[in-house]
Amino acid sequence: KPFSIISIDMDTNELFIAVKINGKFTSRLRSSMSGTILETFGPYGRFILQEKNADNILIAGGIGITPLYSMIANAEIGSEKRLHLFYSAPKKEDMAFYHDLKRINNSKISINYFFTQEIKAEEKDEFNRRVDAGIVREKAKEFTSAAFYICGPNSMVTSIKSQLLSTGISADAIKTEEFS
């Protein structure tokens, strides 16, 4: 089963992962006792923040936030670099790390939340719509020089990548990870 690494504590050699409970294995994993030994392989992810770009734009759908959350939580942001996160889920309750992200939000990291079900958007960074290239371009001023990281359901990833390509963004500037 693929899981996303959230962080690694180098002092204790502890690895922290995010797991969406949705079957027998993940339920069993959740109920495992501390000290349970697991055999792992990897990591296999392709998401590494680009140092050459002024901005990095992260677009997440649902549980696709997990590899992006790790990038945000562990980012060392230089004086010129900014991160923009566009996070979409049916409703706020479906958003992993929502409250953690609210605490991270600062002048170097901008976060916008998108709800795809009819709910009340309560704050200035919340939208009742699907995320798309148009709103990303509007909110991230360095859009044309940024590196893009998209993770989420296949249909969302395919759609946003296509939209970005149609605006002239280079395929080399777009990194994706999909799940079904």
Side-chain angles (χ1 to χ4, degrees), residues 1-7 16-31 45-47 55-75 82-143 146-167 169 173-180:
K1 299 280 183 182
F3 300 112
S4 293
I5 297 171
I6 299 302
S7 66
F16 297 89
I17 60 173
V19 178
K20 181 177 182 178
I21 307 302
N22 66 354
K24 290 180 184 178
F25 178 78
T26 53
S27 295
R28 202 170 67 223
L29 182 62
R30 182 178 192 183
S31 63
R46 299 176 301 240
F47 285 173
D55 279 17
N56 286 284
I57 297 175
L58 316 176
I59 304 170
I63 198 65
I65 187 64
T66 51
L68 303 177
Y69 176 80
S70 177
M71 293 168 70
I72 292 167
N74 298 299
R82 289 183 47 88
L83 289 175
H84 299 275
L85 172 64
F86 298 85
Y87 184 12
S88 177
K91 53 190 184 289
K92 191 181 299 186
E93 295 78 28
D94 295 327
M95 291 184 153
F97 310 115
Y98 177 82
H99 296 291
D100 296 319
L101 289 166
K102 283 289 191 180
R103 284 192 293 273
I104 290 173
N105 207 355
N106 64 44
S107 65
K108 297 287 183 179
I109 301 173
S110 68
I111 303 175
N112 292 278
Y113 304 90
F114 296 82
F115 309 120
T116 58
Q117 289 183 356
E118 288 295 320
I119 65 162
K120 182 180 177 190
E122 299 171 353
E123 300 181 33
K124 65 178 173 52
D125 61 358
E126 297 178 348
F127 301 89
N128 288 324
R129 60 178 281 190
R130 293 190 183 280
V131 64
D132 60 41
I135 191 120
V136 172
R137 176 177 232 145
E138 177 184 321
K139 297 285 182 180
K141 302 304 180 205
E142 295 83 5
F143 180 83
F148 293 82
Y149 303 85
I150 311 167
C151 188
N154 296 348
S155 59
M156 183 206 87
V157 171
T158 302
S159 174
I160 292 177
K161 182 177 181 179
S162 175
Q163 292 171 39
L164 291 172
L165 291 170
S166 73
T167 67
I169 299 297
I174 304 170
K175 308 289 185 245
T176 63
E177 289 194 12
E178 303 171 359
F179 59 86
S180 41

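No experiment lies behind these values; they were computed from the predicted model shown.
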Legend entry - Verdict with supporting geometry, Asp94 and Ile63, side chain to side chain contact (heavy atoms under 4.5 Å, CB included): CA-CA 8 Å; Asp94 295 327; Ile63 198 65; over 6 Å; no
Legend entry - Heavy-atom pair with the smallest gap, counting every atom of Pro67 and Cys151: CG-SG, 3.7 Å
Inset, instruction - Nearest 0.5 Å please: distance from the CD1 atom of Ile135 over to the OG atom of Ser88. - result: 11.5 Å
Legend entry - salt bridge (charged side-chain N to carboxylate O under 4.0 Å, His left out) partners for Arg129, two or more places apart: Asp132
Legend entry - Any side-chain heavy-atom pair of Ile65 and Leu101 under 4.5 Å: yes
Legend entry - Separation between OG1 of Thr176 and CG of Asn154, rounded to the nearest 0.5 Å: 9.5 Å
Legend entry - Point-to-point distance, once rounded to the nearest 0.5 Å, from CG of Asn56 to NZ of Lys175: 10.5 Å
Legend entry - Modelled atom types, side-chain donor and acceptor of Ser159 and Gln163, under 3.5 Å: yes
Inset, instruction - Could you go through the side chain to side chain contact (heavy atoms under 4.5 Å, CB included) check for Thr66 and Phe97 one step at a time? - result: CA-CA 8 Å; Thr66 51; Phe97 310 115; 3.7 Å; yes
Inset, instruction - Take the angle between the ring planes of Phe148 and Phe143 and call it parallel below 30°, perpendicular above 60°, tilted in between. - result: perpendicular
Inset, instruction - Would you please say whether a donor-acceptor pair under 3.5 Å links the side chains of His84 and Asp55? - result: yes
Inset, instruction - Check whether any side-chain heavy atom of Tyr149 sits under 4.5 Å from a side-chain heavy atom of Leu68, and report yes or no. - result: yes
Inset, instruction - Decide yes or no on side chain to side chain contact (heavy atoms under 4.5 Å, CB included) for Leu85 and Asn112, but give the supporting numbers first. - result: CA-CA 6 Å; Leu85 172 64; Asn112 292 278; over 6 Å; no
Inset, instruction - Provide the closest heavy-atom pair for Leu164 versus Ala133 in the form atom of the first, atom of the second, distance. - result: CD2-CB, 4.0 Å
Inset, instruction - Could you tell me whether the side chain of Tyr87 and the main chain of Ala96 form a donor-acceptor pair under 3.5 Å? - result: yes
Legend entry - Trace of the side chain to side chain contact (heavy atoms under 4.5 Å, CB included) decision for Lys161 with Thr158: CA-CA 5 Å; Lys161 182 177 181 179; Thr158 302; 6.0 Å; no
Inset, instruction - Without swapping roles, check the side chain of Lys141 against the backbone of Glu138 for a donor-acceptor pair under 3.5 Å. - result: yes
Inset, instruction - State, to 0.1 Å, how close Met95 and Tyr113 come at their nearest heavy-atom pair, and which atoms those are. - result: SD-CD2, 3.7 Å
Inset, instruction - Hey, could you give me the CZ/CD1 distance between Arg130 and Ile160, rounded to the nearest 0.5 Å? - result: 10.0 Å
Inset, instruction - Indicate the atoms forming the closest heavy-atom contact of Asn128 with Gln117, along with that distance. - result: OD1-O, 4.4 Å
Inset, instruction - For Pro153 and Gly61, work out which heavy atoms get closest and say how close. - result: CD-O, 3.6 Å
Legend entry - Test item: Ile150 and Met156 side chains (from C-beta on) under 4.5 Å apart, heavy atoms: yes
Inset, instruction - Only counting residues at least two apart or in another chain, list the ones meeting ring-ring contact (aromatic ring centres under 6.0 Å, His included) with Phe114. - result: Phe127
Legend entry - Residue list, ring-ring contact (aromatic ring centres under 6.0 Å, His included) with Phe86, at least two apart or on another chain: none
